[in-house]
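For reference, the structure is listed below as structure tokens.
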Amino acid sequence: MSKLIPIVITIGAVLSSCFVCQAFGTEFLTHELPEGIAIQVPAHWRVLSKDMRKNIRAATEAMAEQSDVSLRKATNVLHVNATPDPTGATVRVTIGPPPPFSAAELKDANQSDLIELKSIYENQMLAIQKNGGPELIESYLPRIESISGISSIAWSYRRKSATGHGAWYVTQYKVPCTSILVELTISYRESDSALWKPILRKVRESVRIQDCSVS
């Protein structure tokens with residue numbers, strides 16, 4: 001099922017526009033991104049600067065090159081960290097070129113396809129781990145979920161904290177549109193999961209992709 005194999009890592013940086021809305025008594029910021037994408041995050045969370053995202057891009061490119069892992073050319077249109085520091089949760093949105101698979105094909109994905117994807121994703125992470133990437137603890141079988149009404153790949157895994165203390169739970173969503181691939185990455189520190197999970201569930205459910213035609 002090689003058509004279902006998008007590269008895990010995407011990089012780049014573009015600033016976004018946003019406005020404030022009220023939800024459940026808490027201020028959430030709706031970021032209106034390119035390609036008709038909108039997502040809500042808590043208003044007090046910190047949006048990474050363009051320079052910071054460039055630093056992340058440079059580090060990612062270096063690790064991938066040293067690991068012989070190919071990078072998808074993509075643009076990071078949003079990267080938000082929960083406050084206060086040190087952050088306990090992050091949200092990232094990237095936009096890349098059209099994927100080699102469609103939403104319709106994802107609906108037909110079987111257990112064997114998902115097992116193959118899991119193996120490929122794990123191997124990519126383990127290769128990058130050897131060159132300074134995050135240390136993988138365990139990963140789970142990818143699943144097919146709906147994001148903004150579109151069948152998407154969702155892959156979750158656990159990794160060690162960058163400081164070496166504790167674990168983080170990460171989920172990458174890959175949303176196939178006809179002309180682009182939208183990737184949403186949501187992660188949180190497991191020791192504080194009771195705090196972050198309901199917030200991040202709302203963030204995920206808030207995603208809207210108005211300009212995403214599917215096949």
Side-chain angles (χ1 to χ4, degrees), residues 1-11 39 60 63-64 67-72 74 88-131 133-162 166-177 180-207 209 212 214-215:
M1 195 67 176
S2 58
K3 290 185 70 178
L4 294 185
I5 304 171
I7 299 302
V8 171
I9 299 175
T10 56
I11 55 178
I39 184 172
T60 301
M63 287 186 290
S67 308
D68 293 324
V69 172
S70 299
L71 289 177
R72 287 180 53 85
T90 67
V91 175
R92 184 175 72 248
V93 180
T94 63
I95 299 174
F101 56 88
S102 68
E105 288 171 323
L106 291 184
K107 290 181 180 179
D108 295 331
N110 57 36
Q111 187 82 351
S112 296
D113 299 329
L114 300 178
I115 291 173
E116 181 182 0
L117 277 181
K118 180 177 183 288
S119 176
I120 292 168
Y121 290 163
E122 282 184 348
N123 288 338
Q124 288 178 332
M125 282 205 66
L126 291 173
I128 294 174
Q129 176 181 309
K130 295 178 182 178
N131 291 287
E135 183 173 347
L136 182 67
I137 299 173
E138 66 177 323
S139 77
Y140 304 96
L141 193 69
R143 56 199 184 275
I144 307 303
E145 295 188 4
S146 177
I147 300 289
S148 190
I150 303 160
S151 294
S152 309
I153 296 172
W155 180 52
S156 298
Y157 61 89
R158 299 174 66 236
R159 64 167 176 82
K160 286 189 176 180
S161 168
W168 280 61
Y169 189 90
V170 183
T171 301
Q172 296 180 343
Y173 300 93
K174 303 176 187 296
V175 189
C177 301
I180 59 171
L181 176 67
V182 179
E183 299 191 70
L184 167 68
T185 303
I186 292 176
S187 57
Y188 62 86
R189 189 170 49 230
E190 288 186 339
S191 60
D192 302 323
S193 62
L195 172 64
W196 302 123
K197 287 173 70 173
I199 297 173
L200 294 173
R201 187 180 305 115
K202 172 176 172 53
V203 170
R204 178 203 175 283
E205 293 173 351
S206 76
V207 175
I209 310 175
C212 181
V214 297
S215 58

Rounded at 0.5 Å granularity, tell me how far [atom1] in [X] sits from [atom2] in [Y].
X: Met63; Y: Lys130; atom1: CE; atom2: NZ; value: 15.5 Å
X: Ile144; Y: Leu114; atom1: CD1; atom2: CG; value: 5.5 Å
X: Leu184; Y: Ile39; atom1: CG; atom2: CD1; value: 5.0 Å
X: Arg189; Y: Trp196; atom1: CZ; atom2: CH2; value: 7.0 Å
X: Ser139; Y: Leu126; atom1: OG; atom2: CG; value: 8.5 Å
X: Gln124; Y: Ser119; atom1: CD; atom2: OG; value: 10.0 Å

Exercise. Just jot down the side-chain contact (heavy atoms from CB on, under 4.5 Å) partners of Ser193, sequence neighbours excluded, or say none.
Key: Tyr188, Lys197

Quiz item: Does any non-hydrogen side-chain atom of Gln172 lie less than 4.5 Å from one of Thr94?
Solution: no

Practice problem: Apply the side chain to side chain contact (heavy atoms under 4.5 Å, CB included) test between Val175 and each candidate in Ile180, Ile150, Val207, Ile153; give the one that qualifies. | Solution: Ile150

For [X] and [Y], work out which heavy atoms get closest and say how close.
X: Ser206; Y: Val203; value: OG-O, 2.7 Å
X: Ser151; Y: Pro176; value: O-CD, 3.2 Å
X: Ser146; Y: Arg204; value: O-NH2, 3.0 Å
X: Gln129; Y: Glu135; value: OE1-CA, 3.3 Å
X: Glu190; Y: Trp168; value: CG-C, 4.1 Å
X: Ala89; Y: Leu200; value: CB-CD1, 4.2 Å

Practice problem: Would you please test Arg92 and Ser187 for side-chain hydrogen bond (donor to acceptor under 3.5 Å, both in side chains) and show each step? | Solution: CA-CA 9 Å; Arg92 184 175 72 248; Ser187 57; over 6 Å; no

Quiz prompt | Positive for salt bridge (charged side-chain N to carboxylate O under 4.0 Å, His left out) with Glu138, one of Arg158, Lys160, Arg159, Lys118 | solution = Arg158

Exercise. Test side chain to side chain contact (heavy atoms under 4.5 Å, CB included) on Lys174 and Leu181 and set out the steps.
Key: CA-CA 7 Å; Lys174 303 176 187 296; Leu181 176 67; 4.2 Å; yes

Exercise. Check step by step if side chain to side chain contact (heavy atoms under 4.5 Å, CB included) holds for Asn123 and Ile120.
Key: CA-CA 5 Å; Asn123 288 338; Ile120 292 168; 5.8 Å; no

Self-check item: Trace of the side chain to side chain contact (heavy atoms under 4.5 Å, CB included) decision for Cys212 with Val182
Solution: CA-CA 9 Å; Cys212 181; Val182 179; 6.0 Å; no

